[in-house]
Undergrad: 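Have a look at the structure that comes next, please.
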Amino acid sequence: MKLGYYPGCTLKTKAANLEKAAMASLDHLGVEYKELSRWNCCGAVFSLTDDDLIHQVAPVRNLIRAAQEDCDTIVTICSQCYNTLARANKLVRDDEEKRDTLNRFMDEEPDYAGEVEVVHYLSLLRDQVGWEKLREAVTNPLDGLKVAPFYGCTLVRPEEVAIDGVDQEILEGFIAALGAEPATFSAARECCGSYQMIAHPEEGMNRAAKVIGAANRSEADALILSCPMCEYNLGTRQGDVVAAHDGLSRVPTYYFTQLLGVALGLDSELCRLDLNGPAAQELLVDKKFIAAATV
Amino acid sequence: MASIPSPIHPENLKAVNKIAELSGQNVHECMQCGTCSAVCPMVESMGFTTRMGIHYLQFGEIEPVIKAQIGEYCASCHTCVVRCPRGIDVPKVFEAVRQLVLRTNTDLIKPQEIPKDTMAEAPQIAFVSTFRKLTS
Ligand code: SF4
Ligand code: SF4
Ligand code: SF4
Ligand code: SF4
C-alpha cells in the first residue's frame with residue numbers, strides 16, 4: 001500500500017490539534033505515508049442533488065492528485081473530509097455516465113475511475129496497525145479515564161461509507177487500546193447540529209445541549225471527537241451551551257488523536273492541548289498523564 | 001375499466017417530477033409511517049414534521065415545505081436514511097427543495113449578519129458547509 005495523507009483546510013489552520021498528534025503517532029507506529037503535495041478543500045459536504053456534478057469536481061480533483069502521486073490509498077483525519085471524499089469516490093466508481101461527464105469536464109486532468117481507496121485514520125489504526133499492536137505501543141496508558149466516544153454522523157452514515165457497523169464500535173476499541181475506559185454514551189452516533197450552529201445558532205445550541213447532556217449522564221471524564229465542526233459545536237461553544245441549558249455540566253473535549261499522542265508518550269506539546277482550553281489540560285495533568293510544566 | 005383520476009393537480013405534476021429528478025427519490029414510495037420524524041434531530045425546529053413534508057411533496061405541494069423551512073433545518077445527518085423502512089433518502093428529497101429555492105438566486109442566510117466573534121472563532125469547515133448548504 002502506498003499511503004497518501006489528505007489534510008483538508010481546517011487541519012492546516014484552526015484544527016492543528018487534530019493533525020499534529022495524528023501524524024506524529026503514525027511516525028511513531030511505523031506507518032509510512034506521504035502528505036499530498038497539492039490538494040484543495042473537498043467542499044466539506046457531499047452534494048446530495050443528482051444534477052449537481054460541479055460540486056463533485058473538488059473532491060474528485062483531490063483523488064486525482066493522490067493517483068498522480070502514485071498513492072493507492074489516502075487517509076483523512078477529519079470525518080467530514082472522509083465522508084465527502086469517500087462518497088465522491090463511490091459516485092465515480094458506480095456511475096459511469098457521471099464519471100464520464102466529470103472526466104470530460106476536467107479534460108486537462110488524467111481520467112479518474114475510482115482507483116484510489118479513501119480510508120479514515122481510525123480504520124487505518126484498526127486495520128493496518130491493529131488494536132493489539134497499538135496497545136503494546138502505549139507507554140502512558142490512560143488508566144482510570146472514562147471517555148465518551150462521539151462518532152457524529154459522517155463517520156457512520158450513510159452506510160455505504162460507514163467506517164464501522166453498528167456493533168463493531170471502532171472508537172470504543174480505540175479507547176480501550178489506549179488503556180482508557182469507553183463510556184456507554186447514548187448520543188455517540190447522533191448529530192451535533194453541524195452547520196446549524198452558524199445558520200441557526202439557537203437550534204444548533206439545543207442540539208449540542210442534547211449531546212452534552214448525554215455525555216454528562218454517561219459519567220465520562222472526557223468526550224472525544226474526530227471533526228472540527230463537532231469540536232466547534234461541542235467544545236468551543238460548550239460554555240455557551242451549558243450556560244443556556246439547566247442541568248448541564250462541562251466536560252473536556254479532545255480530538256481522538258490528542259489522546260492517542262498522549263498515550264503513546266509523545267511530547268505533549270505536539271498534541272496542541274493549548275487549543276482545547278484549560279479544562280482539557282487540567283484533567284490530563286490531574287490524572288498524571290502529562291506533566292504540569294507543559295501546561 | 002374506469003380510469004382513476006390522479007389525485008395530483010396537473011399543474012403540480014411538474015413539481016413532483018422536478019423533485020424526483022433532483023433527488024433521484026420517488027416520494028410516492030413513502031408510506032407515511034413517521035419514523036423519519038421520530039429520529040430527526042432537527043424536527044422541532046421545522047414548521048412541521050419531515051413525514052408531513054414528504055406528504056406535501058407527494059402532491060407536488062412544494063411551497064408549504066419551503067415555508068416550513070424543512071430543507072433549511074435538515075442537517076443532512078442521515079439518521080432517517082438508516083431508519084426509513086421504504087428506503088427513501090430523505091435528506092436528498094429535502095436537499096432538492098432547498099436547491100429549488102437557492103437556484104432562484106436566493107440565499108437562505110445572510111453571511112454579513114454572522115456575528116464577528118463567530119467569524120473569528122468558528123473553523124473553516126463550519127463556513128464552507130454553511131455556505132455550501134444555504135447560499136446560492
Ligand atoms: S471537510 Fe472541511 S476541513 Fe476538510 S477539506 Fe473539507 S472543508 Fe476543509
Ligand atoms: S456530528 Fe455534526 S459536524 Fe460532526 S459530522 Fe455529524 S453533522 Fe457533521
Ligand atoms: S437527514 Fe435531515 S430529515 Fe433526516 S433525520 Fe437528519 S436532519 Fe432530519
Ligand atoms: S420513514 Fe420513510 S416511509 Fe416513513 S414517513 Fe419517513 S420517508 Fe415515509
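Per chain, numbering begins at 1; letters A, B, ... match sequence-line order.
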Undergrad: Let me know if Q99(B) has heavy atoms under 4.5 Å from chain A in its side chain, its backbone, both or neither.
TA: side chain
Undergrad: A quick test of your reading: do over 12 heavy atoms of other residues, nucleotides or ligands sit less than 6.0 Å from CD of Q32(B)?
TA: yes
Undergrad: I would like to know whether M229(A) and T130(B) meet side-chain contact (heavy atoms from CB on, under 4.5 Å); could you show each step before the answer?
TA: CA-CA 11 Å; M229(A) 183 79 243; T130(B) 306; over 6 Å; no
Undergrad: For a quick test of reading the model, state the closest non-hydrogen atom pair linking T10(A) to P123(B) and the distance between them.
TA: CG2-CB, 3.6 Å
Undergrad: If you apply the rule side-chain contact (heavy atoms from CB on, under 4.5 Å), what do you find for D50(A) with E21(B), and how did you get there?
TA: CA-CA 7 Å; D50(A) 275 3; E21(B) 182 194 316; over 6 Å; no
Undergrad: Using a 6.0 Å cut-off, check whether atom CZ of R83(B) has over 12 heavy atoms from anything other than its own residue.
TA: no
Undergrad: Just verifying a value: how many Å separate R189(A) CZ and H78(B) NE2, rounded to the nearest 0.5 Å?
TA: 16.0 Å
Undergrad: Given that the side chain runs from C-beta out, which part of C74(B) has a heavy atom under 4.5 Å from chain A: side chain, backbone, both or neither?
TA: backbone
Undergrad: Apply side-chain contact (heavy atoms from CB on, under 4.5 Å) to residues E121(B) and K14(A) and explain how you reach the verdict.
TA: CA-CA 9 Å; E121(B) 204 176 52; K14(A) 287 236 156 78; 6.0 Å; no
Undergrad: Check whether any side-chain heavy atom of E190(A) lies under 4.5 Å from a side-chain heavy atom of T79(B), and answer yes or no.
TA: no
Undergrad: Between atom SG of C41(A) and atom CZ of R132(B), what is the distance when rounded to the nearest 0.5 Å?
TA: 9.0 Å
Undergrad: Side-chain contact test, heavy atoms from C-beta onward, threshold under 4.5 Å: evaluate it for L11(A) versus Q124(B) and give yes or no.
TA: no
Undergrad: Would R103(B) and D51(A) count as a salt bridge (charged side-chain N to carboxylate O under 4.0 Å, His left out) if you check the C-alpha gap in whole Å, the side-chain angles of each, and the deciding distance to 0.1 Å?
TA: CA-CA 12 Å; R103(B) 289 179 190 189; D51(A) 66 348; 2.8 Å; yes
Undergrad: Just verifying a value: how many Å separate I125(B) CD1 and S79(A) OG, rounded to the nearest 0.5 Å?
TA: 7.0 Å
Undergrad: Rounded to the nearest 0.5 Å, how far does OH of Y232(A) lie from OG1 of T118(B)?
TA: 4.5 Å
Undergrad: Counting neighbours of OH on Y56(B) that are heavy atoms of other residues, nucleotides or ligands and sit closer than 6.0 Å, is the number greater than 12?
TA: no
Undergrad: How far apart are the C-alpha atoms of C9(A) and F127(B), what are their side-chain angles, what is the distance that settles it, and do they pass the side-chain contact (heavy atoms from CB on, under 4.5 Å) test?
TA: CA-CA 11 Å; C9(A) 44; F127(B) 297 115; over 6 Å; no
Undergrad: Once rounded to the nearest 0.5 Å, what's the spacing between atom CZ of R157(A) and atom SG of C77(B)?
TA: 5.5 Å
Undergrad: Residue by residue, scan residues 237-247 of chain A and write down, ordered by number, those that have a heavy-atom distance under 4.5 Å to chain B; if none do, write 'none'.
TA: R237(A)
Undergrad: Out of P111(B), P115(B), S45(B), return the one with the most heavy atom pairs under 4.5 angstrom to chain A.
TA: S45(B)
Undergrad: How about E160(A): does its CD atom have over 12 heavy atoms from other parts shown lying under 6.0 Å from it?
TA: yes
Undergrad: Decide whether E203(A) and Y73(B) meet the rule of one side-chain donor and one side-chain acceptor closer than 3.5 Å.
TA: yes
Undergrad: Which bit of I109(B) comes within less than 4.5 Å of chain A, counting heavy atoms only: side chain, backbone, both or neither?
TA: side chain
Undergrad: Answer yes or no: does atom CD of E202(A) have more than 12 heavy-atom neighbours from other residues, nucleotides or ligands under 6.0 Å?
TA: no
Undergrad: Please determine if R207(A) and E44(B) form a salt bridge, counting it only when a charged side-chain N lies under 4.0 Å from a carboxylate O.
TA: no
Undergrad: Non-hydrogen atoms of chain A under 4.5 Å away: do they reach the side chain of V81(B), the backbone, both or neither?
TA: neither
Undergrad: Please flag which part of Q196(A) lies under 4.5 Å from any non-hydrogen atom of chain B: side chain, backbone, both or neither.
TA: side chain
Undergrad: Can you tell me how far the CD1 atom of I198(A) sits from the CD1 atom of I114(B), to the nearest 0.5 Å?
TA: 6.0 Å
Undergrad: Which answer fits A15(A), side chain, backbone, both or neither, if we ask what part of it has an atom under 4.5 Å from a heavy atom of chain B?
TA: neither
Undergrad: Give a yes or no on whether N105(B) atom CG has more than 12 heavy-atom contacts from other residues, nucleotides or ligands under 6.0 Å away.
TA: no
Undergrad: Measure the shortest side-chain to side-chain distance between L48(A) and S76(B) over non-hydrogen atoms and say whether it is less than 4.5 angstrom.
TA: yes
Undergrad: Can a donor-acceptor pair be found, under 3.5 Å and without considering hydrogens, that links the side chain of S129(B) to the backbone of A44(A)?
TA: no
Undergrad: Among the options A122(B), P91(B), S23(B), pick out the one with the most heavy-atom pairs lying under 4.5 Å from chain A.
TA: A122(B)
